[in-house]
Amino acid sequence: MSKMEIFDPAMCCSTGVCGPSVDPELTRIASAVYSLEQKGYDVSRYQLTNEPEKFAGNPVISKVLQEKGPDSLPLVLLDGDVVKSGNYPTNEEMAEWFDLSAEELTKKPKVRLSLDLKSRK
């Protein structure tokens, strides 16, 4: 099974819902990563702000950053090889890498609400 690692640029959060406006690209990638994780795929995402050691400790990422600088972020590795640099993969690209349909990466997580009326007494 393939392993995908996403190395994000410095930012306050990876979901895109922080700050003064929502970033739809970050929301899309967060949703796709969540969908992949729910299906049992090996996906890791690292933020330069919070996990600089992941960037410095990975020779592939270190080399790209030394050669091309921070504009190369986000960087995406698939099984240790760079497959995307400078922007996030499309849902179609990720679907191809994991042998899925792109629609499987856009499904919204189902939220189940349950009320425990006994505890409200």
Does Ser85 use its side chain to pair, donor to acceptor, with the backbone of Ser72 at less than 3.5 Å? yes
Please find the pair of heavy atoms, one from Leu73 and one from Asp8, that lie closest to each other, and give the distance. CD1-O, 4.2 Å
Are Leu105 and Ile6 connected, step by step, through hydrophobic side chains (Ile, Leu, Val, Met, Phe, Trp, Tyr) whose heavy atoms are closer than 4.5 Å? yes
Can you tell me how far CD of Glu37 sits from CE of Met4, rounded to the nearest 0.5 angstrom? 8.5 Å
Nearest heavy-atom contact between Leu77 and Val83 is C-CG2, 4.4 Å
According to the ring pair (Phe, Tyr, Trp, His ring centres under 6.0 Å) rule, which pairs have a member within residues 57-102, sequence neighbours left out? Tyr41-Phe98
Residue pairs passing the salt bridge (charged side-chain N to carboxylate O under 4.0 Å, His left out) test where at least one lies in residues 48-59, sequence neighbours excluded: none
Mind listing the closest non-hydrogen atom pair of Ala102 and Ala95 along with its distance? N-CB, 3.6 Å
Under 3.5 Å: donor-acceptor pair, side chain of Ser35, backbone of Ser31: yes
Can you tell me which residue pairs pass the side chain to side chain donor-acceptor pair (under 3.5 Å) test with a partner in residues 59-69, sequence neighbours excluded? none
When rounded to the nearest 0.5 angstrom, what is the spacing between CD in Glu104 and CG in Asn91? 11.5 Å
Rounded to the nearest 0.5 Å, what separates atom CG in Asp42 from atom CD in Glu5? 8.0 Å
Is the shortest side-chain heavy-atom distance between Met94 and Val76 below 4.5 Å? no
If you measure from CG on Leu48 to CG on Leu65, what distance do you get to the nearest 0.5 Å? 7.5 Å
Can you pull out every ring pair (Phe, Tyr, Trp, His ring centres under 6.0 Å) where at least one residue sits in residues 44-69? Sequence neighbours excluded, please. Phe7-Tyr46, Phe7-Phe55
Residue pairs, two or more places apart or on separate chains, that pass salt bridge (charged side-chain N to carboxylate O under 4.0 Å, His left out) and touch residues 72-95: Lys84-Glu93
Could you see if Leu78 belongs to whatever hydrophobic cluster contains Ile29? Use Ile, Leu, Val, Met, Phe, Trp, Tyr and a side-chain cutoff under 4.5 Å. yes
Restricting to salt bridge (Lys or Arg N to Asp or Glu O under 4.0 Å), what partner residues turn up for Glu25, sequence neighbours left out? Arg28
